[in-house]
**Student:** 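Please find one structure pasted underneath; my questions will follow.
Naming convention: chains lettered A, B, ... in sequence-line order (proteins, then strands); numbering from 1 in each chain.
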Number of protein chains: 2
Amino acid sequence: MATEKRKRLQKNQGEAVRVSDVARLAGCSTATVSRVQNTPDLVSAETRERVQAAIRALSYMPNSAARALRSNRSRMIGIVIPTLNHAIYASLVDAAQQRFASEGYSLLVATFDYDLDREKEQTAVLIERGAEGLVLVGECHHPEFYPMLAAADIPYINTYVFRPDGAHPCVGIDNRQASFDIAEFLYGLGHRTFGVICALMEGNDRAATRVAGVREALARHGIELDPSAIIERPYSIPSGREALRVLQALIPRPTAIICGNDILAFGALIECHEMGLAVPNDISIVGFDNLDFTAHISPPLTTMDVPAKEMGDGAARFLLDTLKGRTTMRKIRLEPQLIARRTTAPVPGLIFPVDLRKAVD
Amino acid sequence: MATEKRKRLQKNQGEAVRVSDVARLAGCSTATVSRVQNTPDLVSAETRERVQAAIRALSYMPNSAARALRSNRSRMIGIVIPTLNHAIYASLVDAAQQRFASEGYSLLVATFDYDLDREKEQTAVLIERGAEGLVLVGECHHPEFYPMLAAADIPYINTYVFRPDGAHPCVGIDNRQASFDIAEFLYGLGHRTFGVICALMEGNDRAATRVAGVREALARHGIELDPSAIIERPYSIPSGREALRVLQALIPRPTAIICGNDILAFGALIECHEMGLAVPNDISIVGFDNLDFTAHISPPLTTMDVPAKEMGDGAARFLLDTLKGRTTMRKIRLEPQLIARRTTAPVPGLIFPVDLRKAVD
DNA sequence: ATCATTAATGTAATGGATTACATTTCTTTG
DNA sequence: CAAAGAAATGTAATCCATTACATTAATGAT
């Protein structure tokens, strides 16, 4: 009675149906009600039916806090990403969410805007909330990050990266290899002078790894990538434009521009139009991610397809399996794919007469 | 001892620091520890200091399930959106997340892909998880949706819509007015024949409202929008292209195309290029949302700017205030803004000689 | 100096579902 | 048919932080 009165005062429920109410209506104990929900096989068919009817009749909703407290299972997963403003992360989250939802898990989302301190803090919050697993992005985190996960003994997986030799579960692409392949592709087209436009590398190991891949590929052919040909810029179209202008001022001028993502590449492409540079005849441009729009711009962008949805889904499956106690592959390699569209062509000198090149200057 | 052994077997903690541990180390009661965390003003400065030191020393993390159970506060908010694959929702979520995080709340994200049944289910899950408030999208939900919220007595707010007369808290734009304004703008440019490309209206009241706004504006000028001039298509560039082709087959041919979002508009624009239609000289196109890329395509897209971040932030502030017991404005109107770029121009006949129009056919 | 407040802290009940363990009922088999 | 084992259900302890209420200490007013 006093209890009821207090509850009425609380914001939430005027009645708050509990297991005990269901049990009373179904004529059984609370244990049985609980079993119907969690281990239905242990309950006889009739009883189960009766309990379920009672649940429906009272529209009973278990109190997850109580459940989580006792069972030590929150049915929540945390995902910690740099930002939702990049389509690639958004669709990764979307895919993960769908997979988790299909198994009755909810997703707690936190962002850290490439600030590794914030990533650590936000992750700590999710752990405190009782997340049973974590989906992360990248391999490099705050120095205290992995120790924190170990202390919490919480399963996690790094997305967007693949390191066969690494210590951590991961699902993603080999960024080094992918950008290595891009550089090789361009080298194969005859390009010898390269410019790189990459995302800010602070707090973003993918960006750094991609640059490394390019540098490595070129080094194999005896080409050294000058630091001044690596332009690091925020994720935006204007940044890409500006970066291209910087690269075009270089001597010798790069004939091929490798971009760390499609947004920067799009900016670069626009700036080429603006400067009167013909793409791909005067200059080749390659993006990364294969965002939807890249196939439709003019000319369609050559880019590296990143299977973002598969990453999100794969990460979710890995955690789900792990939580079920199944042993699964801890490292899942996804294959990116170079989509050669129309912003890449053989280096100008190879196919065009020299005078035509000059005409552009 | 038995307790400890059991814990060791459980997946989670080998030690599990609890309030009682902190209390023991700090030499006070658990109540005091709890007060240090929740109502620090009630604790003397020295004691507080001592407790905080103990918390740090043990790196104590409160068990949120226990806290939520007892206090009936989960410190979680739910957000239920159609999909994260549309930039506009992603950035809404991003903004909301940041605001919530700054106040110590975590965000549970669920998607429903425009399926109102799933929206209801997913929302029920979030309520069950103990979400203290809900951020929603749109005004129209499943018939049992609002009753469910009322039964749970949970604060919520509809984003993306503004209805001064509606029964529900909301933060967003007046979609009807916005598209009304677009139609007016085009009418003012002399256009009299219109085509509309809109998103799928099922489970999407914004799309429907926008079409209604156009229809209404035109009706005022005695123009009836023929149903065959309203093309409903999924959110994708190819859809926009195809829709434009359909509209171009109409007789009389529309000189102005009003699109429900920028992606469809972009598709329409591309198809114009493909068909050899000059934009804006032969045909005007208007988008909706003002996504980043629209300013950079060629020609830059005329579109309606939607303050998505403000919506996310505003929704978060509203719920935060409401949870704090403050009374706030329940309906927040945000002003969209027509950004007239270069895909709109006076109707061909007005400025171009007729023969030039014909030349395009 | 004394009583009334206020501040600071402690004790113990509480939230609601789960689950270890106990008990009863039903099969099965020798 | 009895005994053993399995199946079904019940009883009650448990998860851990919060908070109502009680108690003590400190402050202030008269």
**Student:** In Å and rounded to the nearest 0.5 Å, what is the CD1 to OG1 distance from A:I81 to A:T111?
**Tutor:** 6.5 Å

**Student:** Determine: side-chain N/O of B:T47 to OP1/OP2 of C:dT9, distance under 4.0 Å, yes or no.
**Tutor:**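 For C:dT9, OP1/OP2 do have a side-chain N/O of B:T47 under 4.0 Å.
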
**Student:** Going by an N to O cut-off under 4.0 Å, is there a salt bridge joining B:R24 and B:D21?
**Tutor:**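 Looking at B:D21 together with B:R24, the answer is yes, because their closest N to O distance falls below 4.0 Å.
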
**Student:** So which one's nearest nucleotide on DNA chain C is more toward 5', B:L69 or B:S29?
**Tutor:**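 Nearest nucleotide further toward 5': that of B:S29.
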
**Student:** Can you tell me how far C1' of D:dT18 sits from CZ of B:R75, to the nearest Å?
**Tutor:**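 Taking CZ of B:R75 and C1' of D:dT18, I get 14 Å after rounding.
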
**Student:** Distance check needed: D:dA8 C1' versus A:E49 CD, whole Å only.
**Tutor:** 17 Å

**Student:** Both A:A45 and B:S64 contact DNA chain D. Which one's nearest nucleotide lies toward the 5' end?
**Tutor:**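 With A:A45 and B:S64 compared, the 5'-side residue is A:A45.
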
**Student:** Could you give the CZ-to-P distance, from A:R35 to C:dT23, as a whole number of Å?
**Tutor:**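 Interatomic distance, CZ of A:R35 to P of C:dT23: 15 Å.
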
**Student:** Expressed in angstrom and rounded to an integer, what is the separation of A:L42 atom CG from C:dA20 atom P?
**Tutor:**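 To the nearest whole Å, that distance equals 12 Å.
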
**Student:** How long is the line joining CZ of B:R24 and P of D:dC16, in whole Å?
**Tutor:**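 It is 13 Å, rounded to the nearest whole Å.
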
**Student:** Phosphate oxygens OP1/OP2 of D:dA17: is one of them under 4.0 Å from a side-chain N or O of B:S34?
**Tutor:**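 Answer no for this pair, as no side-chain N or O of B:S34 is under 4.0 Å from OP1 or OP2.
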
**Student:** Check whether any side-chain nitrogen or oxygen of A:N63 sits under 4.0 Å from OP1 or OP2 of C:dA17, and answer yes or no.
**Tutor:** no

**Student:** State which residues pass ring-ring contact (aromatic ring centres under 6.0 Å, His included) with B:F162; sequence neighbours excluded, sorted by chain then number.
**Tutor:**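 B:F162 satisfies ring-ring contact (aromatic ring centres under 6.0 Å, His included) with no residue once adjacent residues are dropped.
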
**Student:** Kindly assign one of parallel, tilted or perpendicular to the pair A:H141 and A:Y146, based on the angle between their ring planes and the thresholds 30° and 60°.
**Tutor:** perpendicular

**Student:** Of the candidate nucleotides C:dA20, C:dG10, D:dT14, which contains the atom at the shortest distance from the side chain of A:R70?
**Tutor:**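 Ranking C:dA20, C:dG10, D:dT14 by closest atom to the A:R70 side chain puts D:dT14 first.
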
**Student:** What is the distance from CG of B:N72 to C1' of D:dC16, rounded to the nearest Å?
**Tutor:**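 Rounding to the nearest Å, CG of B:N72 and C1' of D:dC16 are 16 Å apart.
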
**Student:** About how many Å separate CE of B:M329 and CZ of B:F318, when rounded to the nearest 0.5 Å?
**Tutor:**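 Here the rounded value is 10.0 Å.
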
**Student:** Does A:N38 make a side-chain N or O approach to OP1 or OP2 of C:dT18 shorter than 4.0 Å?
**Tutor:**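 Indeed, a polar side-chain atom of A:N38 lies that close.
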
**Student:** Please report, rounded to the nearest Å, how far the C1' atom of C:dT9 is from the CG atom of B:D41.
**Tutor:**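 Taking atom C1' of C:dT9 as the reference, CG of B:D41 is at 16 Å.
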
**Student:** Looking at A:R18, I'd like to know whether one of its side-chain N or O atoms comes within less than 4.0 Å of OP1 or OP2 on C:dG16.
**Tutor:**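 It does, given that an N or O in the side chain of A:R18 lies less than 4.0 Å from OP1 or OP2 of C:dG16.
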
**Student:** So does B:D321 pair up with B:R317, basic N to acidic O under 4.0 Å?
**Tutor:** no

**Student:** What's the CD-P distance between A:Q37 and C:dT19, to the nearest Å?
**Tutor:**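 Atom-to-atom, A:Q37 to C:dT19, this comes out as 12 Å.
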
**Student:** Report the nucleotide, chosen from C:dA17, C:dG10, C:dT9, that has the shortest atom-to-atom distance to any side-chain atom of B:V43.
**Tutor:**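 Ranking C:dA17, C:dG10, C:dT9 by closest atom to the B:V43 side chain puts C:dT9 first.
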
**Student:** Would you tell me if any nitrogen or oxygen in the side chain of B:S71 comes within less than 4.0 Å of OP1 or OP2 on D:dT19?
**Tutor:** no

**Student:** Side chain of A:Y60 only, heavy atoms from C-beta on: which candidate in C:dG16, C:dA17, D:dT18 is closest?
**Tutor:** C:dA17

**Student:** Nearest of C:dT9, D:dT9, C:dA12 to any side-chain atom of B:S44?
**Tutor:**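 That would be C:dT9.
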
**Student:** Between B:R67 and D:dT18, does any side-chain N or O lie under 4.0 Å from OP1 or OP2?
**Tutor:**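 So the side chain of B:R67 is within the cut-off, an N or O lying under 4.0 Å from OP1 or OP2 of D:dT18.
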
